[in-house]
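See below for the structure under consideration.
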Amino acid sequence: MGSPTVDLRSDTVTRPTPGMRRAMAEAEVGDDVYREDPTITALEERVAELFGHEAGLLVPSGTMGNQIGMRLVCEPGQEVLCDADAHVVTYEMGAAAAIFGISTRTVVSSGGRLDADQLIAQVRPRGDWHLTATAAIAVENSHNRGGGLVQPLGELQKLWDWSREAGVAVHLDGARIWNAAVAAGLELSTYGRLADTVSVCLSKGLGAPVGSVLVSSSERIAAARLWRKRLGGGMRQAGVLAAAGIYALDHHYDRLAEDHEHARLLAERLGVDPASVETNMVVLDDVAAPVVAQAAKAQGVLVSQVSPRRIRLVTHLDVDRAGVDRAAAVLASLL
Ligand SMILES: Cc1ncc(COP(=O)(O)O)c(CN[C@H](C(=O)O)[C@H](C)O)c1O
């Protein structure tokens with residue numbers, strides 16, 4: 001029996017722990033379409049409160065959380081403006097256009113880092129009969145293709161302050177907002193209060209098997225519940241999933257700092273500047289990604305190919321120190 005596989009492809013690969021499975025099995029459940037699942041209600045209320053918003057909605061994926069979140073603040077034929085490498089326009093299969101008729105326009109950022117002035121300069125006003133109106137700006141924190149970069153609070157604040165005057169909404173793709181808050185030493189509500197709609201993933205670093213929560217005003221979440229049902233996302237006794245999310249919030253949030261430490265350790269061992277590692281991702285640039293990925297797989301280490309010359313490593317709950325050491329040794333021998 002060879003060594004166990006070290007899976008650094010993503011923090012989406014985590015499996016429920018025994019404790020989480022017990023919480024899932026014991027969860028009190030009901031039919032959530034009738035609003036009778038107490039565990040889902042508890043999770044939605046808790047996450048909304050964590051981010052300083054009035055209400056929350058459990059959705060099956062971060063993609064659905066983002067897409068409904070954007071639809072709440074952007075009408076068909078209007079546009080959402082975002083970073084060219086944002087997940088919402090890179091990995092969500094064109095859903096904004098395909099499902100909601102929302103136009104998206106992008107700016108090329110520096111490594112995913114939010115530049116409020118750059119975005120503000122691109123916003124197009126409502127009411128001009130020549131221009132597609134920019135209804136919302138989507139920001140991503142931490143930034144996936146930016147290598148887990150934590151957005152500067154000053155830029156988020158600047159964008160938010162401007163957006164209140166300009167009447168433009170802000171959507172936060174907070175799939176890994178947990179990692180950003182732990183890395184920055186900030187409260188989740190500090191970030192939550194700088195966005196009109198926020199989608200946060202339970203199924204990544206927090207280690208739940210399924211689910212995200214969209215938070216916003218009560219009025220918007222009521223509309224979101226309707227959109228979710230239209231998309232076939234109305235769920236029944238999904239309290240078994242919500243229980244995993246609650247368990248994750250109770251037991252897996254603080255430990256994210258360990259994933260960040262593991263990522264820095266990997267970086268050091270692989271000749272990547274640890275200062276460039278802000279959360280749980282390490283980016284290997286200028287490598288023959290397919291060759292390295294295949295050779296690493298043959299030695300039990302799985303990685304993501306972001307491009308033909310770029311590999312992404314993501315640390316998470318299911319990769320311990322021994323796994324990090326083994327992955328570092330295998331990858332160092334291939335670089
Ligand atoms: C910033 C961000 N926002 C949203 C999502 C979507 O979450 P899901 O739809 O997969 O639950 C992801 C998933 N990211 C996945 C990964 O990193 O392995 C893949 C790329 O889709 C994300 O990284």
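For ligands, and for the atoms within them, numbers begin at 1 and follow the listed sequence.
In this structure, Gln67 and Met64 have side chains that are not in contact, with every pair of non-hydrogen atoms separated by 4.5 Å or more. For the pair Glu155/Leu153, no side-chain contact is recorded, criterion being any heavy-atom separation below 4.5 Å from C-beta on. Leu206 has its side chain within reach of Leu256: a pair of non-hydrogen atoms, C-beta onward, lies under 4.5 Å apart. A heavy-atom distance below 4.5 Å is found between the side chains of Arg35 and Arg225.
Among Glu140, Arg176, His143, Gln67, the residue whose heavy atom lies closest to atom 17 (O) of ligand 1 is Arg176.
Between His171 and Leu214 the shortest heavy-atom distance is CE1-CD1, 4.5 Å.
Here Thr63 has heavy atoms under 4.0 Å from ligand 1 in both its backbone and its side chain. Proximity of Arg312 to ligand 1, defined as any heavy-atom pair under 4.0 Å, is confined to the side chain (atoms from C-beta onward). Neither the backbone nor the side chain of Val88 comes within contact range of ligand 1; no heavy atom lies under 4.0 Å. With a 4.0 Å heavy-atom cut-off, ligand 1 is reached by the backbone of Ser61 and by its side chain too.
The protein heavy atom nearest to atom 8 (P) of ligand 1 is Gly62 N, 3.5 Å. Atom 3 (N) of ligand 1 has Asp173 OD2, 2.7 Å as its closest protein atom, hydrogens excluded (heavy atom only). The protein atom (non-hydrogen) at minimum distance from atom 4 (C) of ligand 1 is His87 ND1, 3.4 Å. Looking at atom 7 (O) of ligand 1, its nearest protein heavy atom turns out to be Lys204 NZ, 2.9 Å.
Atom OG in Ser304 sits 11.0 Å away from atom CG in Leu284 (nearest 0.5 Å). Rounding to the nearest 0.5 Å places OG1 of Thr63 at 11.0 Å from CD1 of Ile68.
In this structure, Arg9 has no heavy atom closer than 4.0 Å to ligand 1. Using a 4.0 Å heavy-atom cutoff, Met64 is absent from the residues neighbouring ligand 1.
For the 3.5 Å distance criterion, the side chains of Arg176 and Asn280 fail to qualify, holding no donor opposite an acceptor.
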